[in-house]
Participant: 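Can you keep this structure in mind? I'll have questions shortly.
Order of the sequence lines fixes the chain letters, A, B, ..., with proteins taken first and strands second; residue numbering starts at 1 for each chain. Fair warning: this is a prediction, and the values are worked out from it, not measured in the lab.
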Amino acid sequence: MHTKETNALILKNDKAAIKEVFEMHFGKMASIAIRYCKNEVQANEAINFGFHAYITRLQQNRNGQSADIEKTFEQDFIRSCASFVKGISSEYYVASTVYASGSTNKNYDLFESNEFIDFALIDNDVLIKSLQQLVPSQRLVINLHVIDGNSLDETANIIEASLQTVKSSLEKARYNLQKNIEKCYKTMKNEQSL
Amino acid sequence: MSSHFNYEIEERNMRNQLKALNMPFKEEAWYSYEAYAKQFQSTHKTQLLPNFNFALNRTVVLPIVFGAIIVLFSFLLFNFINIKNSKTEKKEVVEVKQAVTPTFNQKKEPAPKKETTIPIIKKEVTPPVQNTSATNSLAAAVINTAAIVAKTLPVVANNPVAPNAASVNATTLTQNIQTAKTVAVNTVEPKKKKRKKGQVEVLESIATPVSLPSLTQEETEPELR
């Protein structure tokens with residue numbers, strides 16, 4: 001938590017003070033943004049968007065309520081991340097494209113899928129990668145409801161969708177996440193074997 | 001989704017794992033944020049004046065706005081319509097007449113130029129005037145006859161036989177005089193119109209010599225052979 005002096009400097013738009021706050025919150029912001037976005041580039045954009053919104057909120061609040069803003073920083077950043085992902089509407093259509101040539105990497109090995117995967121011990125990289133591969137709407141629902149602990153109603157309110165839509169997309173997201181994790185493990189094994 | 005699907009992911013573990021995740025700070029991220037923030041700096045500097053927020057309800061604002069519209073509209077109508085007493089209007093009319101008369105005088109000033117032409121017109125119009133005088137002369141003749149009759153009336157009055165006839169003659173005479181006057185009046189008016197319409201041209205006549213060359217008895221005609 002930053003001091004009152006840094007708050008006063010932020011009000012004056014002092015760069016050093018803003019950088020200090022940015023350094024302080026970057027770890028948390030990056031960990032949130034990376035699972036909400038499809039890749040690292042988009043995650044950086046989400047960090048910029050969310051942090052700028054936080055700074056402007058601090059500068060507009062001249063009544064000394066910065067402590068309250070500091071407390072709700074994580075929740076506010078999650079909401080701004082969600083609105084950022086929701087704002088990129090083009091992402092939704094790209095995910096549903098069907099390639100005319102089809103996928104060439106087809107595996108007909110019947111015994112390969114029977115390998116045991118311990119879902120309780122999944123690597124962070126695999127987990128994040130499988131989350132990033134989800135469709136944005138499903139990614140948003142699983143992040144908001146499952147990971148960040150919002151209720152279904154709150155999630156529906158943040159996404160601006162109906163409860164039924166949230167439920168159906170949560171079901172699809174769970175299925176796709178598990179499949180993505182399986183796929184990621186397989187690819188990792190193939191890479192290691194090579 | 002197939003019906004044989006078993007969801008095996010432990011969400012609680014996944015949540016704890018992802019919540020505990022913390023990324024190291026990168027200088028590149030700060031530079032990218034600086035570049036992003038510069039886009040919005042120009043809009044931030046423009047707000048030099050403090051923002052005044054007046055909390056006004058709709059219930060207060062709407063009546064004021066409607067009242068202002070009504071007042072403006074009524075003022076506009078008042079400019080078009082003059083509500084004044086008729087007495088004041090009459091006074092104004094009198095004043096206008098006084099003001100107008102000098103303008104007529106001013107217009108009549110150039111008239112003397114025409115005066116030079118007027119006597120010529122009078123000369124030209126003299127013949128119709130003579131006609132009117134003829135009509136007047138008719139009336140005058142009737143009047144004269146009436147006067148003669150009037151003179152003879154005392155004689156008639158002496159005769160006890162024909163007092164009624166005399167009275168009848170007198171009444172007829174008076175009627176004749178009236179009709180003559182009316183005729184004279186009627187005859188004069190159209191002739192005045194003629195004056196205006198047609199200007200009678202006076203043709204120059206050459207005076208003929210008194211002694212025309214004629215054959216005398218002394219001069220003999222040459223015989224033709």
Side-chain angles (χ1 to χ4, degrees), chain A residues 13 15 18-20 22-35 40-41 43-45 47-53 55-56 59-60 62 74 116-125 127-128 130-131 142-143 145-149 168 171-172 174-182, chain B residues 1-69 72:
Chain A
N13 210 19
K15 275 190 179 180
I18 292 166
K19 193 183 177 183
E20 190 187 328
F22 185 80
E23 276 185 34
M24 198 190 294
H25 291 295
F26 181 80
K28 199 73 193 164
M29 286 192 299
S31 65
I32 292 165
I34 201 79
R35 59 186 161 90
E40 204 171 334
V41 176
N44 280 329
E45 287 174 14
I47 289 164
N48 291 338
F49 178 79
F51 188 72
H52 185 73
I55 291 293
T56 48
Q59 285 174 340
Q60 282 170 1
R62 290 167 185 268
E74 194 179 334
F116 179 74
I117 300 165
D118 189 8
F119 286 97
L121 300 164
I122 308 164
D123 289 340
N124 281 332
D125 293 335
L127 201 59
I128 286 164
S130 53
L131 273 170
I142 210 155
N143 269 305
H145 178 66
V146 176
I147 298 163
D148 291 323
S168 67
E171 204 177 337
K172 286 172 190 173
R174 276 170 174 161
Y175 175 80
N176 285 325
L177 182 67
Q178 191 169 315
K179 290 289 173 192
N180 286 342
I181 290 165
E182 285 172 7
Chain B
M1 274 187 285
S2 64
S3 58
H4 302 289
F5 173 70
N6 293 320
Y7 187 61
E8 294 173 22
I9 299 169
E10 285 187 21
E11 286 183 346
R12 192 179 291 174
N13 282 338
M14 188 175 71
R15 189 186 302 148
N16 292 332
Q17 212 172 320
L18 288 170
K19 283 271 183 187
L21 198 71
N22 209 339
M23 298 279 189
F25 175 70
K26 292 175 187 174
E27 203 70 30
E28 289 172 6
W30 168 247
Y31 293 135
S32 70
Y33 173 73
E34 266 193 323
Y36 180 82
K38 274 182 183 177
Q39 295 173 1
F40 300 95
Q41 270 184 353
S42 58
T43 53
H44 185 74
K45 280 180 180 175
T46 51
Q47 293 174 348
L48 293 169
L49 290 166
N51 291 324
F52 295 104
N53 293 321
F54 296 104
L56 289 170
N57 262 337
R58 278 184 186 175
T59 51
V60 178
V61 173
L62 283 173
I64 290 164
V65 169
F66 278 113
I69 289 164
L72 284 169

Participant: If you take all heavy atoms of B:R15 and A:I147, which pair is closest and at what distance?
Facilitator: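 Heavy atoms only, the tightest pair is CG-O, 3.0 Å.
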Participant: Which heavy atom in A:N48 sits nearest to a heavy atom in B:A29, and how many Å separate them?
Facilitator: OD1-O, 4.1 Å
Participant: Just verifying a value: how many Å separate B:L18 CG and A:N124 CG, rounded to the nearest 0.5 Å?
Facilitator: 6.5 Å
Participant: Relative to chain B, which segment of A:D123 carries a heavy atom at a distance below 4.5 Å: side chain, backbone, both, or neither?
Facilitator: backbone
Participant: Please name the pair of heavy atoms, one in A:S31 and one in B:M23, separated by the smallest distance, quoted to 0.1 Å.
Facilitator: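 Here A:S31 and B:M23 meet closest at N-CG, 3.8 Å.
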Participant: Working note: A:L177 + B:M14, criterion side-chain contact (heavy atoms from CB on, under 4.5 Å); need CA distance, chi angles, decisive distance, verdict.
Facilitator: CA-CA 12 Å; A:L177 182 67; B:M14 188 175 71; 3.8 Å; yes
Participant: At their closest point, which heavy atom of A:F26 faces which heavy atom of B:P24, and how far apart are they?
Facilitator: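 Smallest interatomic distance, heavy atoms only, reads CE2-O, 3.2 Å.
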Participant: Sub-3.5 Å donor-acceptor pair from the side chain of B:Q17 to the main-chain atoms of A:L127, do we have one?
Facilitator: no
Participant: Please determine whether salt bridge (charged side-chain N to carboxylate O under 4.0 Å, His left out) holds for the pair B:E34 and A:K19, giving the CA-CA distance in whole Å, both sets of side-chain angles, and the decisive distance to 0.1 Å.
Facilitator: CA-CA 9 Å; B:E34 266 193 323; A:K19 193 183 177 183; over 6 Å; no
Participant: Side chain, backbone, both or neither: which part of A:N176 has a non-hydrogen atom closer than 4.5 Å to chain B?
Facilitator: neither
Participant: Measuring heavy-atom distances to chain B, does A:E182 have an atom under 4.5 Å in its side chain, in its backbone, in both, or in neither?
Facilitator: neither
Participant: Contact part of B:Y36 toward chain A, heavy-atom cut-off under 4.5 Å: side chain, backbone, both or neither?
Facilitator: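 Side chain of B:Y36 only, per the 4.5 Å heavy-atom cut-off to chain A.
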Participant: Heavy atoms only: give me the nearest A:K28-B:K19 pair and the separation to one decimal.
Facilitator: NZ-O, 3.1 Å
Participant: In terms of heavy-atom proximity below 4.5 Å to chain B, should A:I55 be classed as side chain, backbone, both, or neither?
Facilitator: side chain
Participant: Of all the heavy-atom pairs spanning B:F25 and A:E23, show the shortest one and how long it is.
Facilitator: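 Closest approach of B:F25 to A:E23: CZ-CG, 3.4 Å.
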Participant: Take atom CD of B:E28 as the centre, draw a 6.0 Å sphere, and report whether it contains more than 12 heavy atoms from other residues, nucleotides or ligands.
Facilitator: no
Participant: Of the backbone (N, CA, C, O) and the side chain (C-beta and beyond), which part of A:R35 lies under 4.5 Å from a heavy atom of chain B, both, or neither?
Facilitator: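 For A:R35, the side chain is the part near chain B, not the backbone.
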Participant: With only heavy atoms counted, which part of B:N13 is less than 4.5 Å from chain A, the side chain, the backbone, both or neither?
Facilitator: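 Just the side chain, heavy atoms under 4.5 Å.
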